[in-house]
Amino acid sequence: MAIGGPIRISGMSSGMDIDKLVSDLMRAERLPLDKLARQKESLVWKREDYRSMNTTLLSLRNSASEIRMEGNFAKVKATSSNTNVADVISNKPGVTGATVNVKSLATGALLVGDSVAHDLKDPLKIGGSFTIDNKDGTTKTTINVTANTSTIKSIIGDINAKSSVTGVRAYFDENTKRFMLSSTEMGSKAKVTVGGTDVKAILGLDAATAKGTDAKYTINEVPGQTPTEITSASNTVDINGITVALKGQGAFTLGTNVDREGAKERIKDFVAKYNELVDKFAEATTTRPNRNYQPLTEAEKEAMTDKQIEQWEKKARQGTLYGDTFLESSLTQLRTAMRTPLKGVGKDDIKLLSDIGITPSKNYKENGKLEIDEAKLSEALNTKFDQVVTLFTKSSNTVGNSAANMAQRRSEQGIAERIYEEATRRIDSMSKKIGSSASMESQDESVMGKELRTLFSKEAQIKARLVDVENRYYKKFTAMEKALQNLNNKGNWLSQQLGAM
């Protein structure tokens with residue numbers, strides 16, 4: 001198929017398939033373009049794989065962030081001594097405990113009607129209307145009921161359709177055949193007021209008003225002193241930075257303790273993310289490319305099924321980061337950060353991950369992945385918690401403005417601090433190399449973006465040249481056709497002349 005130019009009709013004089021001849025000639029001319037297309041595809045694949053590595057680095061950094069700050073590492077967990085009275089929902093860092101005495105719970109307003117004689121399936125045989133006071137306290141909503149048309153379901157629906165205005169929702173207990181009207185809010189400001197001459201006949205309710213109540217409780221009562229009573233329109237309250245759900249009357253104590261089990265899980269997650277990175281980086285840098293498989297051109301893809309293309313490209317794109325020095329050096333730096341002893345602590349204090357049961361695998365095939373002795377880790381957290389915190393969170397004031405100073409800074413930093421800082425440095429470096437655009441073919445100002453821009457520019461130049469070459473071939477064949485046509489015309493004329501003699 002022609003790359004460009006006008007549609008050509010050829011081969012009428014010679015009987016030759018000119019289009020096929022030009023296509024065959026252009027196949028050789030297209031080789032530089034095919035090579036460029038493979039280079040571009042390889043670069044896009046490499047960029048994708050780099051981005052995957054960067055995502056793994058980011059995951060490790062996020063996990064390190066969870067345990068690099070003492071406040072996050074040694075999180076405080078609040079508990080309730082009496083879960084029949086109150087449950088702890090959540091707590092802020094650095095909270096303190098308290099003793100609480102719940103006098104009453106917050107309630108909503110509720111009106112319950114008498115049992116009605118209405119049939120559940122059939123329309124009501126009576127009509128009329130009733131009113132519900134709106135939340136503004138000055139206006140009312142009227143609910144109209146039509147005999148032989150309105151049903152219990154439609155009345156409930158009409159009431160609930162106005163709940164945003166009235167602050168009232170309706171229910172019907174099919175067992176007791178009673179209407180119930182409750183406030184959508186709780187506390188002493190919650191109110192349900194119904195009225196109208198027909199309200200008794202329709203809902204089984206007298207014209208009446210019901211009000212809610214506030215929760216009432218005291219904190220840290222002192223013998224001999226009148227406690228300060230606190231009120232709340234909700235049963236979910238905040239006490240000293242601890243969010244509590246009140247459930248009943250009575251006393252309970254809010255206690256706080258360091259969440260050692262949570263700290264253990266965060267350490268385990270940190271190690272898991274590190275091991276995931278080791279696996280991914282090691283595999284990427286040691287997997288050799290298969291030279292028998294190159295990226296496919298569009299023409300080659302047209303001759304293959306989708307499954308064949310998938311299988312081919314799986315082999316073609318392996319090894320894109322084989323021997324990559326950036327990834328290899330990243331892995332080396334992270335390994336060093338994990339095994340460097342912590343300086344600036346007591347002689348007998350914890351200095352290494354191995355002191356808390358975290359050691360490199362002895363299996364060389366694991367590429368230095370870490371293993372955890374959970375019993376030893378638990379013992380360290382239970383008996384030397386402060387030292388474990390320091391091992392991960394200690395900071396350094398040394399400025400890393402030289403190789404020696406950087407080594408000093410690393411030795412003074414806690415493990416999580418080191419990994420967070422190194423991962424950040426590597427992420428920033430890789431971002432400069434691959435860019436930040438989600439599009440893998442983005443021609444941004446990153447190193448690989450500029451490389452792609454160069455390839456796209458060369459591709460455009462080659463395509464323009466191929467158009468000229470193809471047109472030149474067609475011009476030559478067109479000239480040949482014209483010459484043959486002239487020759488045929490002369491031959492025909494000569495035959496005619498000879499025939500006339």
Side-chain angles (χ1 to χ4, degrees), residues 1-11 16-54 283-324 326-327 430 433-435 437-478:
M1 182 178 291
I3 290 178
I7 298 174
R8 307 165 178 96
I9 301 175
S10 57
M16 300 168 62
D17 186 346
I18 303 302
D19 282 337
K20 185 176 185 309
L21 287 172
V22 172
S23 177
D24 290 342
L25 290 169
M26 289 301 298
R27 189 175 293 116
E29 298 286 351
R30 287 183 60 90
L31 289 178
L33 184 63
D34 291 341
K35 181 180 179 181
L36 197 64
R38 297 185 201 277
Q39 289 176 343
K40 188 173 68 174
E41 186 73 1
S42 293
L43 187 60
V44 169
W45 286 348
K46 189 173 185 178
R47 198 182 203 185
E48 288 177 348
D49 291 342
Y50 265 131
R51 184 147 293 166
S52 177
M53 300 299 128
N54 217 23
E283 181 182 8
T285 55
T286 58
T287 300
R288 294 177 179 274
N290 191 331
R291 301 303 181 188
N292 295 321
Y293 292 86
Q294 297 293 322
L296 296 168
T297 64
E298 291 302 318
E300 290 170 337
K301 288 181 180 180
E302 289 176 3
M304 302 170 70
T305 65
D306 290 343
K307 186 65 176 178
Q308 288 173 329
I309 294 172
E310 179 185 349
Q311 293 174 340
W312 182 282
E313 291 189 341
K314 183 178 180 180
K315 294 179 180 179
R317 70 178 298 165
Q318 73 181 35
T320 56
L321 300 176
Y322 174 71
D324 187 86
F326 179 82
L327 296 184
M430 198 179 296
K433 185 178 184 67
I434 66 176
S437 173
S439 171
M440 290 299 104
E441 293 192 8
S442 171
Q443 300 171 50
D444 53 28
E445 294 305 310
S446 66
V447 174
M448 300 187 83
K450 291 178 180 178
E451 290 179 14
L452 273 172
R453 188 185 306 157
T454 299
L455 292 179
F456 273 104
S457 177
K458 289 182 178 179
E459 183 180 52
Q461 293 172 8
I462 292 176
K463 284 183 177 180
R465 184 183 65 81
L466 289 177
V467 170
D468 292 339
V469 171
E470 187 179 61
N471 286 335
R472 190 163 61 248
Y473 279 133
Y474 270 107
K475 285 180 180 178
K476 290 181 178 179
F477 280 111
T478 299

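Model, not experiment: these values are computed from the prediction.
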Run the side-chain hydrogen bond (donor to acceptor under 3.5 Å, both in side chains) test against [X] and tell me which residues pass, sequence neighbours left out.
{"X": "E300", "answer": "R38, T297"}
{"X": "T287", "answer": "none"}
{"X": "R288", "answer": "Y322"}

Working to the nearest 0.5 angstrom, can you tell me the gap between [X] [atom1] and [Y] [atom2]?
{"X": "K301", "Y": "I309", "atom1": "NZ", "atom2": "CD1", "value": "6.5 Å"}
{"X": "N290", "Y": "K314", "atom1": "CG", "atom2": "NZ", "value": "13.0 Å"}
{"X": "E41", "Y": "L296", "atom1": "CD", "atom2": "CG", "value": "8.5 Å"}

| query | Which pairs with one or both residues in residues 35-54 pass ring pair (Phe, Tyr, Trp, His ring centres under 6.0 Å), sequence neighbours excluded? | reply |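 Found none.
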| field | CD/E283: more than 12 non-hydrogen atoms of other groups inside 6.0 Å | value |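 Check fails, neighbour count at 12 or below.
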| Does K458 NZ have over 12 foreign heavy atoms under 6.0 Å away? |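 No, NZ of K458 has 12 or fewer neighbouring heavy atoms, counting only those of other groups under 6.0 Å.
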Find out whether [X] and [Y] are in side-chain contact, i.e. whether some heavy atom of one side chain is under 4.5 Å from a heavy atom of the other.
{"X": "L327", "Y": "M430", "result": "yes"}
{"X": "D324", "Y": "M53", "result": "no"}
{"X": "T320", "Y": "E48", "result": "no"}

| message | Could you work out, with side chain to side chain contact (heavy atoms under 4.5 Å, CB included) as the rule, every residue matching K35, not counting sequence neighbours? | response |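 Only Q39 meet the side chain to side chain contact (heavy atoms under 4.5 Å, CB included) criterion with K35.
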| message | For S42, give me all partners under side chain to side chain contact (heavy atoms under 4.5 Å, CB included), at least two apart in sequence or on another chain. | response |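 S42 satisfies side chain to side chain contact (heavy atoms under 4.5 Å, CB included) with P295 once adjacent residues are dropped.
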| message | Looking at every non-hydrogen atom in both residues, tell me the closest pair between R317 and D49 and how far apart they are. | response |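 The answer is NH2-OD1, 3.3 Å.
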